[in-house]
Amino acid sequence: MGKIYDIVGVGFGPSNLALAVALEDMQDNKNLSALFLEQKKKFTWHPHMLLDGAEMQISFLKDLATLSNPSSQYTFLNYLHTVGRLALFANLRSFYPSRIEFNDYFSWVSKKLKNYVKYSCRVVDIIPHGNKPYQLLKIIFEDSNLECSHTTSVLTKNVVVASGGIPTIPTFVKRKNNSQRVWHSAEYLQKIEKFKKNSEYPYHFCVVGGGQSAAEVAYDLYQTFPAAKITCVYRGFGYKVADDSEFTNEIFGQATVDLFFSASENVRKKLLEAHGDTNYSVVDPELIQKLYRIKYEESVKNCQRLQFKRLSSLEGVLEEENVEIEINNFLLPSQTEMLHVDAAILATGYSYPNPPPALETLSEHFINNQLGMPLVTRYHQVETDAQLKAGIYLQGYNESTHGLSDTLLSLSSIRANEILDQIILSNKHLSKEINLKEKHTLIAKSTTAHEVINV
Ligand SMILES: Cc1cc2nc3c(=O)[nH]c(=O)nc-3n(C[C@H](O)[C@H](O)[C@H](O)COP(=O)(O)OP(=O)(O)OC[C@H]3O[C@@H](n4cnc5c(N)ncnc54)[C@H](O)[C@@H]3O)c2cc1C
């Protein structure tokens, strides 16, 4: 039998990167072995949305370590100090670094922790291993580092799945395979590259969505293509401001996770509804101002490169030579408007299926709630039946039970430490159970042999 890891992480985005940091920072980590499997070739955080000027939507104090261990060497401040920008950053008088800089910080940490991770490895399945009750999991993954990429596996006592969200594209969107004209905002910078070769051309772009990504893409297109027309389609009346005010911001705190977790289903639903505008379908006020200024200046010049179709829903997308977009305005429901554009960018959000795809096989052992979703403990562990004793932990899939911080960066360092503590505690319980079982077997054997052993 090959090596058995204490922890295998699926995905190496910020959530599992924070777990690697927590492991390193834990002084007695020497006894815990961990491996993270990441499908990308190297660390990158939302690489195709690293737009010039885009800022973080959390304070740098909510980095990979500070909230749980401010003296960690993996803090954003230590990164700034190491790269020689601490004094300059202090002069900025801002808590909000650029997204490009935060990605650089994450990458800096990931390089320091490179021994924990194997890139170009995509986890395709996780199955129980050994005898019942299963204490081990087999993590099956495609390893593209090998000459002819093939499927291989590792064994672990615990798995932490943090594989992120899946870009959502409405089912009615009919586009070509690997379309170069209709794509999700998650692919924005990669796919727009081809158009930049002819940046003076009067393209017509359509941007769908009313959230931060949609507004950022619209602004970026406007700046990058001086002759292009950009039509923004969104359901709301106007772009809504993201609520990041002081009292409300406590929704992202650790204490709120306790509160949220212990609340009734009804209260949880109300909280999510009331404070969804901290994260969903909302835009930073500065960006709204920039877009509105453009609208105003264009009205002065009597030119309309940037157009806003408010109260409108996307009804169809058909990609042929160009792209046909069908829009319905809520005020004129009987009339459908058709747009013919060169490309459409769908900033239509992400979904977090629970259980996530990698856990589908194991899900027959999960104890589900009334909604058919796995029951998860306060400390992020999936509750399993008596046949499965290996630990399964989730990061990013528990918004309905742990609140709005679950898919975000706010609590990544705290959550990682909670998971690690829980794994250590469960390992102790499990080894105690195993020891007890061994002792009982010994007693049983010795009793049959009429021997007396003092256990
Ligand atoms: C453009 C953008 C900006 C954002 N800005 C902020 C912000 O400022 N503040 C904030 O709090 N939140 C922000 N978010 C929310 C975002 O979800 C979190 O920032 C963060 O990415 C969550 O980290 P994660 O590790 O859980 O997931 P991800 O960052 O999505 O990482 C998941 C990783 O798992 C890998 N993976 C997936 N499936 C597999 C598999 N089967 N095998 C191996 N690897 C796999 C993926 O390649 C990826 O690297 C932003 C989101 C977007 C899209």
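Ligands are counted one by one from 1 in listed order, and the atoms in each one are counted from 1 as well. For the numbers below, each heavy atom of this structure counts, side chains included, while hydrogens, waters and symmetry mates do not.
Between Tyr188 and His48, the distance from one ring center to the other does not fall under 6.0 angstrom. Two rings, from Phe195 and Phe225, have their centers 6.0 Å or more apart. In summary, the aromatic rings of Tyr222 and Tyr219 are positioned with their centroids too far apart to meet the 6.0 Å limit. Between Tyr379 and Tyr393, the ring center distance fails the sub-6.0 Å criterion.
Checked against a 3.5 angstrom limit, the closest N/O atoms of Pro14 and ligand 1 fall inside it. The shortest N or O to N or O distance between Leu409 and ligand 1 is below 3.5 Å. Residue Ser213 has no nitrogen or oxygen atom sitting less than 3.5 Å from a nitrogen or oxygen atom of ligand 1, judged on distance alone. Checked against a 3.5 angstrom limit, the closest N/O atoms of Trp45 and ligand 1 fall inside it. Checked by distance only, ligand 1 and Val123 come closer than 3.5 Å through their nitrogen or oxygen atoms.
Of all protein heavy atoms, the one lying nearest to atom 35 (C) of ligand 1 is Glu38 OE1, 3.2 Å. For atom 2 (C) of ligand 1, the nearest protein heavy atom (residue, atom name, distance) is His46 CD2, 3.7 Å. In this structure, the protein non-hydrogen atom closest to atom 39 (C) of ligand 1 is Gln39 OE1, 3.6 Å. For atom 8 (O) of ligand 1, the nearest non-hydrogen atom of the protein is Gln57 N, 2.8 Å. Nearest to atom 38 (N) of ligand 1 among the protein's heavy atoms is Ser163 CB, 3.4 Å. Nearest protein heavy-atom contact of atom 30 (O) of ligand 1 is Gly164 CA, 3.4 Å. Ranking the protein heavy atoms by distance from atom 15 (C) of ligand 1 puts Leu408 CD2, 3.8 Å first. Gly11 CA, 3.3 Å is the protein heavy atom nearest to atom 34 (O) of ligand 1.
Put simply, the side chain of Asn158 gets close to the backbone of Asp6: a donor and an acceptor are under 3.5 Å apart.
The residue Leu17 has no part lying near ligand 1, judged by heavy-atom distances below 4.0 Å. Only the side chain of Met49 comes within contact range of ligand 1, with a heavy atom under 4.0 Å; no backbone atom does. Contacts of Thr407 with ligand 1, taken as heavy-atom pairs under 4.0 Å, involve the backbone alone. Counting heavy atoms under 4.0 Å from ligand 1, residue Phe102 does not touch it at all.
For the side chain to side chain contact (heavy atoms under 4.5 Å, CB included) criterion with Lys389, the lone passing option out of Gln135, His365, Lys132 is Gln135.
At a 4.0 Å cut-off, at least one heavy atom of Arg99 sits close enough to ligand 1 to count as contact. Contact analysis puts Ser15 in contact with ligand 1, with a non-hydrogen atom separation below 4.0 angstrom. Not a single heavy atom of Ala358 sits closer than 4.0 Å to an atom of ligand 1. Heavy-atom separations between Ala186 and ligand 1 are all 4.0 Å or longer. The closest approach between Tyr352 and ligand 1 falls below 4.0 Å for a heavy atom of the residue. In this structure, Phe141 has no heavy atom closer than 4.0 Å to ligand 1. Within the 4.0 Å heavy-atom shell around ligand 1 one does not find Gln395.
Listed by number with element, the atoms of ligand 1 under 4.0 Å from a non-hydrogen atom of Ala162 are 32 (C), 33 (C), 34 (O). Within the listing of ligand 1, atoms 53 (C) sit less than 4.0 angstrom from a heavy atom of Tyr350. Ligand 1 places these atoms under 4.0 Å from at least one heavy atom of Leu37: 43 (C), 44 (N).
A cation-pi arrangement is absent between Lys111 and Trp108, since the terminal nitrogen or guanidinium carbon is not both under 6.0 Å from the aromatic centre and inside a 45° cone about the axis. A cation-pi arrangement is absent between Arg310 and Tyr239, since the terminal nitrogen or guanidinium carbon is not both under 6.0 Å from the aromatic centre and inside a 45° cone about the axis.
Counting heavy-atom neighbours within 6.0 Å of Asp52 CG, excluding the residue itself, gives a total of 12 or less. Summarising the local packing, CZ of Phe172 is surrounded by more than 12 heavy atoms from other residues, nucleotides or ligands at distances under 6.0 Å. No more than 12 heavy-atom neighbours from other residues, nucleotides or ligands sit within 6.0 angstrom of NZ on Lys240. Other residues, nucleotides and ligands contribute over 12 non-hydrogen atoms within 6.0 Å of the NZ atom of Lys176.
The pair Arg415-Asp406 meets the salt-bridge criterion, with a side-chain N (NZ, NE, NH1 or NH2) lying under 4.0 Å from an Asp/Glu carboxylate O. Salt-bridge annotation for Arg85 and Glu101: present, with a side-chain N of the basic residue lying under 4.0 Å from a carboxylate O of the acidic one.
Counting heavy atoms from C-beta on, the side chains of Tyr105 and Phe60 never come closer than 4.5 Å. Looking at Val109 and Phe43, their side chains never come closer than 4.5 Å, going by heavy atoms from C-beta outward.
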